[in-house]
2 protein chains.
Amino acid sequence: MGKKAAIFGATLSLIAEEGLHAVTLAKILDRADVGSGTLYNYFSSKDALLYEMYLKLTEKMANYILSDYDDSVGVRLRFNQLLTRFMEYMIQNFDEQIFIEQYSYILRKSKPDDSVFNNPFRTATAQIYTEGQKQKVILNLDIPILNQIAGGIIISIVKGYKSNKYELDELTKQKILDICWNSIRA
Amino acid sequence: MGKKAAIFGATLSLIAEEGLHAVTLAKILDRADVGSGTLYNYFSSKDALLYEMYLKLTEKMANYILSDYDDSVGVRLRFNQLLTRFMEYMIQNFDEQIFIEQYSYILRKSKPDDSVFNNPFRTATAQIYTEGQKQKVILNLDIPILNQIAGGIIISIVKGYKSNKYELDELTKQKILDICWNSIRA
DNA sequence: GATAATGGATGGAACGTTCAATCCATTATG
DNA sequence: CATAATGGATTGAACGTTCCATCCATTATC
């Protein structure tokens with residue numbers, strides 16, 4: 001495995017285990033089995049490492065969610081496509097979500113207008129909501145509010161699942177997706 | 001103002017501004033206008049300060065939400081009471097929520113069985129869900145799942161509002177509460 | 001009632017530790 | 001053999017914590 005990938009992997013797992021504030025370079029280097037000189041060959045600083053990882057992971061997530069996205073079908077099916085993928089990605093890559101959540105909080109303070117926040121996933125869902133509102137099948141609320149509702153449900157449900165509050169079988173996942181749709185349906 | 005209150009206030013505002021990981025004792029002491037000796041008269045360590053603040057704020061929030069709670073009315077009205085208070089508290093004390101969210105992540109790692117996680121607010125909502133399920137007005141899902149859905153919507157909506165994604169007038173707040181109810185209604 | 005003694009609260013200097021970052025000798029690569 | 005990659009020792013800065021002199025309200029003494 002490449003050293004850079006090892007550094008990313010070690011950083012991500014450490015943050016998921018101990019939280020962003022507790023992760024030091026020494027821990028990263030130890031877990032990645034890499035010397036500090038090597039790390040500084042790939043990254044100019046610790047901050048640069050975190051930022052690059054953030055860009056990489058947000059892009060990876062957007063790519064996964066939008067891959068094979070069929071935008072020729074109706075709003076209900078498109079909504080289901082995106083949210084199914086979103087939930088599945090969150091479940092299988094929860095460590096990434098933990099990092100993104102913790103780090104994006106820092107980002108908003110230092111780089112408030114970062115383009116990452118206008119990701120293609122949000123563009124796709126906005127399209128669905130606008131079209132759905134014209135067809136009178138989706139509530140007439142601000143698009144960002146609709147986004148927060150549907151996304152908030154998914155994130156919250158996966159968080160609870162990852163905290164071992166309950167199981168999530170396939171049938172329950174389907175019910176959750178239906179709840180997301182019903183919550184914003186006109 | 002008491003020195004202890006000044007320390008709490010400085011810590012809370014700093015965390016809301018810069019995130020938990022960036023808050024140092026030097027910054028806290030400077031903002032609270034207090035010497036380090038004073039701080040260590042009130043708290044045995046930085047961790048102890050954060051933990052005590054966490055206990056204080058979670059209790060404060062639970063007290064607010066449950067004050068004047070009328071449990072003699074029907075499930076719909078009780079649900080509305082609790083979630084209205086919850087949303088209002090989050091809106092007016094968002095800094096506290098930021099801290100609690102960031103700190104509870106650390107807590108789960110170091111003290112996974114902390115009793116704080118079984119707070120009276122969750123007990124009250126669980127009562128509502130159980131009763132509502134008997135009356136066939138609430139979806140037949142695990143209680144913790146229902147909790148995550150309704151709470152997730154509120155938290156997500158307030159987060160978006162505090163990120164200046166949209167406004168939240170009284171009418172919109174009412175619509176959000178209706179959405180919470182409809183999302184878990186049978 | 002005036003003065004001295006007490007003790008807790010306070011702020012800031014000083015301490016050892018830990019951090020991110022740099023430097024450099026060694027190893028791998030082509 | 002030349003060049004790049006690597007890991008660990010090293011550095012200075014920043015950190016949490018400790019220590020101590022000072023302040024001040026309260027209490028004791030005469």
Side-chain angles (χ1 to χ4, degrees), chain A residues 1-57 98-100 102-111, chain B residues 1-57 98-100 102-111:
Chain A
M1 179 169 53
K3 300 280 178 183
K4 194 168 180 176
I7 293 168
F8 277 140
T11 305
L12 189 63
S13 62
L14 277 167
I15 290 172
E17 287 169 21
E18 309 179 11
L20 180 55
H21 85 289
V23 172
T24 65
L25 279 186
K27 291 178 184 174
I28 294 172
L29 299 172
D30 189 51
R31 181 168 295 193
D33 200 24
V34 148
S36 56
T38 307
L39 187 145
Y40 280 91
N41 260 345
Y42 293 107
F43 308 101
S44 61
S45 69
K46 185 190 181 186
D47 280 344
L49 155 61
L50 295 175
Y51 186 58
E52 191 176 314
M53 192 162 84
Y54 175 79
L55 292 180
K56 182 189 135 178
L57 294 181
I98 291 174
F99 164 68
I100 289 173
Q102 295 193 23
Y103 188 73
S104 64
Y105 189 80
I106 297 168
L107 257 198
R108 284 186 191 274
K109 302 297 163 183
S110 61
K111 310 184 183 182
Chain B
M1 179 171 54
K3 297 284 177 182
K4 194 167 180 176
I7 292 169
F8 276 141
T11 306
L12 189 63
S13 63
L14 276 166
I15 289 172
E17 286 169 22
E18 309 179 13
L20 181 55
H21 88 291
V23 173
T24 65
L25 279 187
K27 290 178 185 174
I28 294 173
L29 298 173
D30 189 51
R31 179 167 298 194
D33 199 26
V34 147
S36 56
T38 305
L39 188 145
Y40 279 90
N41 261 343
Y42 293 108
F43 309 100
S44 62
S45 69
K46 185 189 182 186
D47 281 344
L49 156 62
L50 295 175
Y51 184 59
E52 191 175 315
M53 190 161 86
Y54 175 80
L55 291 181
K56 182 188 133 176
L57 294 181
I98 291 174
F99 163 67
I100 289 173
Q102 294 193 22
Y103 188 74
S104 64
Y105 189 79
I106 297 168
L107 257 197
R108 284 185 192 275
K109 302 296 162 183
S110 60
K111 311 185 183 184

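Lettering of chains follows the sequences in order, A, B, ..., and the numbering in each one begins at 1.
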Would you mind checking if B/Lys27 and B/Glu17 are paired as a salt bridge, meaning a charged N to carboxylate O distance below 4.0 Å?
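No.
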For the pair made of [atom1] in [X] and [atom2] in [N], what is the distance, rounded to whole Å?
X	N	atom1	atom2	value
A/Leu25	D/dA14	CG	C1'	14 Å
A/Asn41	D/dG7	CG	C1'	11 Å
B/His21	D/dA14	NE2	C1'	14 Å
A/Lys3	D/dT6	NZ	P	6 Å
B/Leu14	D/dG16	CG	C1'	16 Å
A/Leu39	D/dA9	CG	C1'	17 Å
B/Asp33	C/dT10	CG	P	12 Å
A/Tyr40	C/dC19	OH	P	13 Å

Does [X] put a side-chain nitrogen or oxygen below 4.0 Å from OP1 or OP2 of [N]?
X	N	value
B/Lys46	D/dC15	no
B/Thr38	C/dA9	no
B/Tyr42	C/dT10	yes
B/Lys27	D/dC15	no

As a quick check of understanding, evaluate side-chain contact (heavy atoms from CB on, under 4.5 Å) for B/Ile98 and A/Tyr105, giving each step before the final call.
CA-CA 10 Å; B/Ile98 291 174; A/Tyr105 189 80; 3.5 Å; yes
Counting any heavy atom closer than 4.0 Å, what does B/Asp30 reach on the DNA or RNA strands: base, sugar-phosphate only, or nothing?
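Answer is nothing: B/Asp30 stays at 4.0 Å or more from every strand.
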Rounded distance [0.5 Å steps], CG in A/Leu14 versus CG in A/Asp30
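Between A/Leu14 CG and A/Asp30 CG, I get 9.0 Å after rounding to 0.5 Å.
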Close aromatic pair by centroid cut-off 6.0 Å: A/Phe99 and A/Phe8
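No - the distance between ring centres of A/Phe99 and A/Phe8 does not fall below the 6.0 Å cut-off.
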Report yes if a donor N or O on one partner sits less than 3.5 Å from an acceptor N or O on the other, where the partners are the side chain of A/Ser36 and the base of D/dG7; otherwise report no.
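Under the 3.5 Å cut-off, the side chain and the base do not form any donor-acceptor pair.
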Is the closest side-chain heavy-atom distance between B/Ile7 and B/Phe43 below 4.5 Å?
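The answer is yes, as the side chains (C-beta and beyond) meet within the 4.5 Å cut-off.
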